[in-house]
2 protein chains.
Amino acid sequence: MDGKEQLEKSRERIIETIAQNIHLYGLTPSAGRQYGTMFFHDDPLTLDDMTEELGMSKTSMSTSVRALSDLKLVERAWKRGVRKDLYQVKDDWYQSFIDLFSIKWRRSISLYSTTIRKSLNELNKLAADPSITDDLKLMVERDIEKLRYVQDYYEWLDRLVDAFEDHDIFDLVPRKDDIQEGK
Amino acid sequence: MDGKEQLEKSRERIIETIAQNIHLYGLTPSAGRQYGTMFFHDDPLTLDDMTEELGMSKTSMSTSVRALSDLKLVERAWKRGVRKDLYQVKDDWYQSFIDLFSIKWRRSISLYSTTIRKSLNELNKLAADPSITDDLKLMVERDIEKLRYVQDYYEWLDRLVDAFEDHDIFDLVPRKDDIQEGK
DNA sequence: TTGTTTATACAGTAAAAACTGTACAAACTT
DNA sequence: AAGTTTGTACAGTTTTTACTGTATAAACAA
């Protein structure tokens with residue numbers, strides 16, 4: 001095996017690992033391979049390049065590069081004279097992790113907050129209604145307590161996402177460089 | 001609409017929200033509904049109870065309750081005289097989040113670490129080989145640099161998971177109760 | 001032991017998701 | 001303007017995943 005082949009093998013191994021783990025980002029192995037391919041290319045790639053590299057349809061390349069962009073794992077690049085859209089991986093993996101975390105959870109937090117508030121409102125009214133049985137009232141109060149707990153939890157989660165977005169998390173868990181710098 | 005119905009509606013709304021968001025845990029909406037149902041039941045449920053409540057096959061209940069247990073969202077309960085397996089939701093959502101985080105990422109971190117180490121080993125040998133062209137050597141060195149970066153990133157992620165597991169994260173982002181206590 | 005109850009393995013089916021090829025719209029070129 | 005080039009919407013197909021029903025193993029009861 002010559003050197004070029006060996007380099008290729010080393011890359012393939014990494015790309016396959018990315019493909020096998022990208023489900024944590026809610027993406028398919030194909031999108032992972034696409035990401036991996038871009039990762040090892042120093043120049044940005046066009047959709048046609050990706051079609052060429054991965055042997056998949058251009059339509060597929062288009063949809064999955066959009067999925068990668070939505071999660072901010074990939075960004076568009078510009079190169080004068082090139083009409084095709086160019087894409088490259090974002091090189092700050094720490095920021096990519098934060099973006100993922102934020103995108104995935106914020107939406108969920110917001111949905112929960114809304115429904116919980118709505119249900120709590122109803123239940124509070126119901127609990128105050130004098131015409132209901134004691135039995136029901138007890139059940140309502142238990143539900144209110146549970147929802148308050150969940151509400152607090154999501155409020156915590158929201159602050160957690162803040163801590164990532166504001167990079168406060170690096171105070172608690174510093175990057176390697178920062179440790180060396182005694183930061 | 002009477003009080004009982006209203007309570008039921010409130011619960012259904014929450015359960016549906018759980019179902020719509022549980023994909024963040026890599027689970028299906030059905031598993032989410034199962035979780036939600038258990039959440040509002042104060043007593044632990046059997047597989048037959050769940051079949052009854054959700055109108056799905058017992059086989060399904062069995063597989064998805066296992067998925068919920070694997071992520072530590074649900075645990076087995078014991079009640080004397082009851083032969084059937086009993087399940088209930090774990091009531092500490094903060095801990096559940098930490099468990100999820102840990103289970104999902106540790107595995108990935110470990111896989112990456114192994115493959116990166118393997119590839120770095122090969123590439124370092126290759127870079128030291130005097131018979132390769134300058135051109136190839138440059139590519140090898142660029143790959144080495146990239147992999148070192150990724151290695152550092154995963155080492156950081158590993159420490160991040162530690163910070164969650166060790167509950168250090170609550171120092172940075174305190175629970176609501178702890179704020180009030182001035183902790 | 002034999003009979004009963006309960007959970008799950010497995011094969012088959014139904015539903016969902018990923019992928020492809022064609023068609024077309026938008027942007028650019030001449 | 002007409003002719004290219006490029007990206008994506010959409011319909012159809014393939015592949016994968018979720019779910020069901022039957023069969024069986026394990027645990028318990030008599």
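Every chain is numbered from 1, with letters handed out A, B, ... down the list of sequences. Side-chain atoms are counted along with the backbone in the values below, which use heavy atoms only and exclude waters and symmetry mates.
Spacing between atom NZ of B:K84 and atom C1' of D:dA26 amounts to 16 Å, rounded to whole angstrom units. In this structure, the CG atom of B:L54 is 15 Å from the C1' atom of D:dT20, given to the nearest Å. B:D85 has its CG atom 12 Å from the C1' atom of C:dT5, to the nearest Å. Rounded to whole Å, the distance from CG on A:L86 to P on D:dT6 is 11 Å. Atom-to-atom, CG of B:L68 to P of D:dA18 comes out at 13 Å; the value is rounded to the nearest Å. Taking atom CG of residue B:L47 and atom P of nucleotide D:dA26, one finds them 18 Å apart after rounding to whole Å. Atom NE2 in A:H23 sits about 17 Å away from atom P in D:dT16, given to the nearest Å. Spacing between atom CD of B:Q34 and atom P of D:dC19 amounts to 10 Å, rounded to whole angstrom units.
Contact between the side-chain N/O atoms of A:R76 and the OP1/OP2 oxygens of D:dG7 is not found at any separation under 4.0 Å. Taking only side-chain nitrogens and oxygens, B:R33 never comes nearer than 4.0 Å to OP1 or OP2 of D:dA18.
For B:D129, the CG atom is densely surrounded, since the number of other residues' heavy atoms within 6.0 Å is greater than 12. At most 12 heavy atoms of other shown residues, nucleotides or ligands fall within 6.0 angstrom of atom CZ in A:R107.
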Fill in the blank from the handout: Expected string for nucleotides 18-30 of chain C under the B/S/- scheme (protein heavy atoms, under 4.0 Å, primed atoms plus P, OP1, OP2 as sugar-phosphate) is SSBBB-----SS-
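Classification of the A:Y112-A:Y154 ring pair by plane angle, with boundaries at 30° and 60°, yields parallel.
B:F170 and A:W156 have their aromatic ring centers within a separation under 6.0 angstrom. In this structure, B:W93 has its ring center under 6.0 Å from that of B:F39. Under the 6.0 Å cut-off for aromatic ring centres, A:W105 and B:F97 qualify, their centroids lying closer than that.
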